[in-house]
Amino acid sequence: MRFVDIIEKKRWGQPLTETEIHWWIEHYVKGELPDYQVSALLMAIVLIGMNVEETFALTMAMFHSGATIDLSGISGVKVDKHSTGGVGDKTTLALGPILAACGAKVAKMSGRGLGSTGGTLDKLESIRGFNCYLDKETFIKQVDDIGIAVIGQTEDLVPADKKLYALRDVTGTVASIPLIASSIMSKKLAAGAEIIELDVKYGDGAFMKTADEAEQLAHMMIRLGEFCGRKVSAMITDMNEPLGMAIGNALEVKEAVDTLCGRGPEDFTELVLTGAASMLHQAGLEPDMQTGRRMAKEAIVNGSALEKFKAMVKAQEGDVCQIENTDLLPKASCVTPLTARKSGYVRQAKALELGRLAMEIGAGRERKEDTIDPAAGIVLGKKTGDYVAAGDVLAWVHHEHPLEKEWEERLYDAFELADEPVDKKKLIYKML
Ligand code: URA
């Protein structure tokens, strides 16, 4: 087989065969195909697309490109969740412990932040000593014993995605439904859980810009999971503004802990309870969503969800004192309020720009090798639909270094104000 024929075939709009797709992935992982040729194929896929059969073949080829995790030694129902990424998304930190407190086994592999999007591992590592790198046996034992472990993806899991995603990141080939669906689902399948909940985001701060695109992506991922005998459900959620109020690693851990104590922001609490209700129902642990939601709320009220979070932090060598007293989490030396210059109603607190601004003061990384400041970030004072009087705090900036004037101006511009009242945003657009 000649790779150039495969590239040309796709370029002329013809579907690739299963054999061609498996050949391409196998040889790329072995280092036998150059990045420039693979980039050309990826761009052709972005522009032409892939049908369901091709997407399924690509997912399977990637899934089988490395090791898989066998969770069969864990008793109970193994669940996993995935968010397509966004600003202020600390869902795993609250949802995971609630599910574990309600009897599910949460075996979760998470990633790091890049660009405006945060990553769960970075958030957890803002807890002193937290170890994201357990070996497979320890990971499985911890999930079996306490019901939850959150770790970094092991090196040998889906190596095809590691190579391809790094290449897509620098060749403008991320935004493609078949490529995103196969990338996410190959990892979810390899991670072994039977029940998978997807949070597919749309809007300014997400890969998918519209709810329709997010829904198409979700349907494709559900089909891929179901082909492989997994139960997959999805929430289509808004990412035009950050989730919750906090953006930044330690700030988000604090917000997740607050939520587990029953005093989280309304939108974030709603997402967590709905996600928990759906997963508990899918897992057969509760008869319907309503009961699932009640049990999830109960786990917050009776403190069992917070206890699960503490048990996980302790098992993974983190400092539990910082969870018992979140004032002990890393703190920035300066907290600067940004006040409104005029009155109005918030039309949008722009997710993408707020995520970028937080990254620029150290809360995220522009390139993979950048280091992050766990204490840095932005806490919103107002969100879409809120009334703002001149002088009210729009946001608090947690920072180490002096803020540049131009950065502050961009932060003002990230809050779009209207003279007329604005409806609050509907966070959960659809459940699939
Ligand atoms: N997240 C992934 O893991 N892969 C993608 O392609 C996009 C988002």
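Note that ligands are numbered from 1 as they come in the structure, with each ligand's atoms numbered from 1 the same way. Because the structure is predicted, anything quoted here is derived from the model rather than measured. Atom set for the values below is all heavy atoms of this structure, side chains included, hydrogens, waters and symmetry mates excluded.
- The immediate protein surroundings of ligand 1, defined as residues with any heavy atom under 4.0 Å of it, consist of Tyr165, Arg168, Ile180, Ser183, Ile184, Lys187, Phe207.
- For the residue pair Tyr28 and Asp35, a side-chain donor N or O sits within less than 3.5 Å of a side-chain acceptor on the partner.
- A salt bridge is absent between Asp80 and Arg230; no separation between the charged side-chain nitrogens and carboxylate oxygens falls under 4.0 Å.
- Ring-plane geometry between Trp24 and Phe3 is classed as parallel, the angle between the planes falling under 30 degrees on a 0 to 90 degree scale with a further cut at 60.
- Smallest separation of non-hydrogen atoms from Thr92 and Pro97: O-CD, 3.6 Å.
- In this structure Tyr133 satisfies the side-chain contact (heavy atoms from CB on, under 4.5 Å) test together with Arg112, Leu121, Glu125, Asn131, sequence neighbours excluded.
- A donor-acceptor contact shorter than 3.5 Å is absent between the side chain of Glu270 and the backbone of Leu427.
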